[in-house]
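This structure is a prediction, so every number in the text was calculated from the model and none was measured.
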Amino acid sequence: MHRQQRRIRYMRRTNHGRRSWSGTSYRFSAGILSAWLIQTGSQAKAADHGATQTPASGLQPNKVLKPFQRVSMGDPPLPPDQFNPDFGVTPIPTRLFTDEELTLHLRVTRSTPPPPRIPAQFNPDPGAAQRTPEPPPVFDTTFGLAPTYGLDAVDRELELPRQPVKRKELEETRPVRENRNYGLEPLPDDLKLPRNQPRWNEKIPHEWHNPREYPLAERGEGYPTFGVPVPSRWRVPFMQWKRYDAIKTETPYSDPTLHLWHPYKQSLLKGDAPIIGQDIFLNLTAATLTEFEAHRVPTPSGVSSARPGSAEFYGQGEQYVVQHYMSFGAELFKGETSFKPVHWAIKVQPVFNINYVHTRETGTIAPDPRGIDRGPNPPPPNPGAISNPGDVSGVIDTGLDPAGGSFVGQKHTTRTKDFFALQEYFGEVHLGDLSENYDFFAVRAGNQGLNTDFRGFIFNDVNLGARIFGNYDNNRLQYNAAFFEMREKDTFSDLNTFDQRNQHVFVANAYRQDFLWPGYTAQLSFHANLDDADRQYDRAGNVVRPTPIGTVADHGLKAYYLGWAGDGHIGRWNVSHAFYQALGTDDFNGLAGQPADIDARMFALELSYDRDWVRYKASFFYASGDDNAEDNHANGFDSILDNPNFTGGPFSYYVRQGFNLGGSAVALKQRNSLIPNLRTSKTQGQANFVNPGVFLGGLGMDMDLTPKLRSFMNVNYVRLVETDPIKTALLTDKVDNELGWDLSLGVTYRPFLTDNLVLAAGFGAFLPGRGYKDIYKRSTDPVSNFNSLSGAGRADDFLYSGLLVITLTY
């Protein structure tokens, strides 16, 4: 009768007080059980007191357990020559394929047996002569002479008998091994089976920190078990290593010294070593960004033109802009982030901006034709007494005369502004771990940046909010839940202010890596835009809320977005797509003149294929439009605060530039946006879902010309989906859907193969279509003595945008 098997369960208490159950099967006798109990008591005592254990009864001398180790007292497994899990089945070879190179050679053999006999001496069917021959047919249907071929003399080399006969074959050549017993050498003694009492390490239920955190170390009486005092490991230098003999080539770890600051070597101020203790780091980042842009955009000339004799509705649209940003970021955090998330972090980033704008028309930089910040302009006394335009000078100023010369380049058409903002300031706290692989969740509160999808279609901004984020399932699942209390933006720099604008944004999304296909990441998202912002004028004096179009009235907006997006590759194809459905209500839409229900959608798709150093792209973007601007349905799609990187990005004329709508106080589309939404400002205005929508299709290429130089080329066709909102706003019945062709070319250059210095330059061109010319054509009725018929009804045939950006980062 077999010995009885019993299962023993025991309960242990970890250093954190948690209880866990574990069980294993043992065959035991009274002596083994007592040895196991003695060993368990010794282990617990050693774990509590940090003392060295002595061999326990029943354990081999070299098997003394250390803290958090376990040993199996069961019977060891049999060696392979004594154990067969499936009798009667031939073992399957463990190595079916090898990495040896297949080689062939030609093998030639010669026959040695006696040659075959000639046909006269060889009869393959000896019994055929004894069979009765078949009778001839009754009717003979063969006519003519018998053929004579087949009786020719046989060539000498084909005559029988032939000997010897050569035979050629191709066969595999296998390499000759020097050691034919490779893999069959005898095992070391510690690896041979059977092995008694194998042991394994348990998971340590607590974390190890700086030894000074332990009471004995604080009193100078000792260190933790198995701990040895050594200098700070962050101050242990790398060994000097010079990879190449040449001086100017790469030599990593050539300088083992820890520097205070250095952009490429180990330095204290960029987080390479802790500044406090063993795991508190400081990371300082300084950056400057300088943009120079020259462009031509449709620009109204205004009532008070910058040039005498100019009365066309649209004037000269040439402008150039210089923007310069200087930022300094300081981040203090605790934790070794190479292996796990930070315990806590604090970041502060102030930004200073100075900008300069040069235009050729008054009313561009400010509604006042005298320029910006010119003070109040009170009306003259008793202006109602003027009935003849010639009497104006006598009422306003007896010496008032028409202005002579041009105001281009003067205070009426130029602007210089600066602004300082605390752009980012937030604190982050690690709340807990969800698995042994450092899946975690954390919270961050303060002014922080968030891009809620892969391409920035809906919300991509830095603003005041709180966010819970983390990951799960070995980082295959990432998630965010954020709430933003939106702040006003500066008009000229788009930097944050401390003024509240009574707009709330809620975002929840989740990303899943390797969804259906390896390398493809899918995303589901929900956005809520609750905008009850009150009336607001920007720093130039323009009204930005409510939108000054149609019936102007303060109103609230509640829009909800359901989205599905994806980015990655499926096989050889790179895929990036997004779909959003917008629902909600607009309390009062000025263009519709009544409340409106929101029902709009957006779809974007980019397919690309990589071949060597070139990526070929095809892009498609669609935003729905409203076919009836005066009903209570708002079907034109609009975002919350978008900043898309799509179809050419910053180099594209259509994406980068903003178009004024027919000389009104709103824009057909905003800068750095894809959607023609008829709103005043992307950052200070309110979303408008009564808009024409857009269809955009394009082709492009990204080329890595050298490791330092990269080039971008894009061609896009832009078309409005609906035109009724524009017809309603401009009081016209003729607006075509075709907006035009967008062409762009850009390059980025990294002279040091790092991001410390990046140069970017690009040029975009826009060829207007019929719809653009319908919106922006000049006056067809010339004013007497001011202009001629030669320019009547003409719109710009070529629009351009040139960009140069220099980025320095430390």
Side-chain angles (χ1 to χ4, degrees), residues 295-302 310-318 361 363-364 547-550 590-592 621-630 635-638 652-655 657-671 673-680 688 690-697 716-743 764-783 787-801:
H295 56 240
R296 176 188 288 170
V297 294
T299 306
S301 61
S310 175
E312 282 287 354
F313 192 71
Y314 280 94
Q316 298 183 11
E318 292 80 7
E361 295 293 344
T364 304
T547 304
I549 189 172
L591 200 57
F621 181 84
Y622 168 81
S624 62
D626 196 330
D627 60 351
N628 187 353
E630 296 180 293
N635 302 123
F637 186 87
D638 197 5
S652 167
Y653 181 91
Y654 175 79
V655 175
Q657 302 304 322
F659 304 151
N660 177 272
L661 178 61
S664 64
V666 300
L668 175 62
K669 67 171 292 293
Q670 303 296 319
R671 283 177 59 88
S673 179
L674 289 164
I675 305 171
N677 47 20
L678 307 185
R679 62 196 277 186
T680 56
N688 176 35
V690 179
N691 63 64
V694 69
F695 163 83
L696 187 149
N716 304 313
Y717 176 70
V718 187
R719 186 178 179 87
L720 299 176
V721 176
E722 303 289 347
T723 59
D724 190 72
I726 297 179
K727 295 178 181 178
T728 304
L730 299 182
L731 302 177
T732 181
D733 60 350
K734 183 182 178 182
V735 177
D736 194 82
N737 294 80
E738 184 185 44
L739 207 56
W741 288 86
D742 174 45
L743 315 175
F766 192 78
L767 307 180
R770 291 187 301 271
Y772 177 92
K773 295 178 180 180
D774 290 339
I775 299 174
Y776 297 105
K777 66 183 178 181
R778 300 182 179 182
S779 174
T780 57
D781 298 325
V783 179
N787 56 2
S788 63
L789 292 174
S790 60
R794 185 177 62 86
D796 290 324
D797 295 326
F798 181 79
L799 304 173
Y800 64 87
S801 172

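One finds a salt bridge joining R770 and E738 here, because a Lys/Arg side-chain nitrogen approaches an Asp/Glu carboxylate oxygen to under 4.0 Å.
Note that CZ of R296 is 9.0 Å distant from OH of Y653, once rounded to the nearest 0.5 Å. Atom CG in L674 sits 9.0 Å away from atom CG in N716 (nearest 0.5 Å).
Y717 is not listed as a side-chain neighbour of L696, based on a closest heavy-atom distance of 4.5 Å or more. Contact annotation: the side chain of V721 approaches that of Y622 to within less than 4.5 Å [non-hydrogen atoms, C-beta and beyond]. Inter-residue side-chain proximity for L678 and L668 is flagged as met; some heavy-atom pair is nearer than 4.5 Å. Residues D797 and K773 meet the side-chain proximity criterion, which asks for heavy atoms closer than 4.5 Å. A 4.5 Å side-chain heavy-atom check between L799 and V297 finds every atom pair outside the cut-off. Considering only heavy atoms from C-beta on, L739 comes within 4.5 Å of F766 through its side chain.
Although no hydrogens or angles enter the test, the distance criterion places no donor-acceptor pair under 3.5 Å between the side chain of S673 and the main chain of Q670. Listed for the N691 side chain is a donor-acceptor partner under 3.5 Å among the backbone atoms of F637.
Between Y772 and D796, the closest heavy-atom pair is CE2-O, 4.2 Å. Closest approach of T680 and A665 over heavy atoms only: CG2-O, 4.0 Å. Between P676 and L720, the shortest heavy-atom distance links the atoms CG-CD2, 4.2 Å. Considering all non-hydrogen atoms of both residues, V718 and Y654 come closest at CG1-CE1, 3.7 Å. The heavy-atom pair separating N660 from P300 by the smallest distance is OD1-CG, 3.9 Å.
Scored by the ring-ring contact (aromatic ring centres under 6.0 Å, His included) test, F695 finds F620 as partners (sequence neighbours excluded). Not counting sequence neighbours, N635 has no partner by the side chain to side chain donor-acceptor pair (under 3.5 Å) test. Applying the side chain to side chain donor-acceptor pair (under 3.5 Å) rule to S801 yields the partners Q657; only residues at least two apart in sequence or on another chain are considered. N677 pairs by the side chain to side chain donor-acceptor pair (under 3.5 Å) definition with D638, not counting sequence neighbours. Remark: R671 engages E293 in a salt bridge (charged side-chain N to carboxylate O under 4.0 Å, His left out) (not counting sequence neighbours).
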Using a 3.5 Å cut-off and no angle test, enumerate the donor-acceptor pairs between side-chain atoms of residues 722-733 and protein atoms at least two apart in sequence or in another chain.
from : atom 1 : to   : atom 2 : distance (Å)
D724 : OD2    : A629 : N      : 2.7
T728 : OG1    : D724 : O      : 2.9
T732 : OG1    : K734 : N      : 3.3

Tell me, with the steps shown, if I675 and V694 meet side chain to side chain contact (heavy atoms under 4.5 Å, CB included). CA-CA 7 Å; I675 305 171; V694 69; 5.6 Å; no
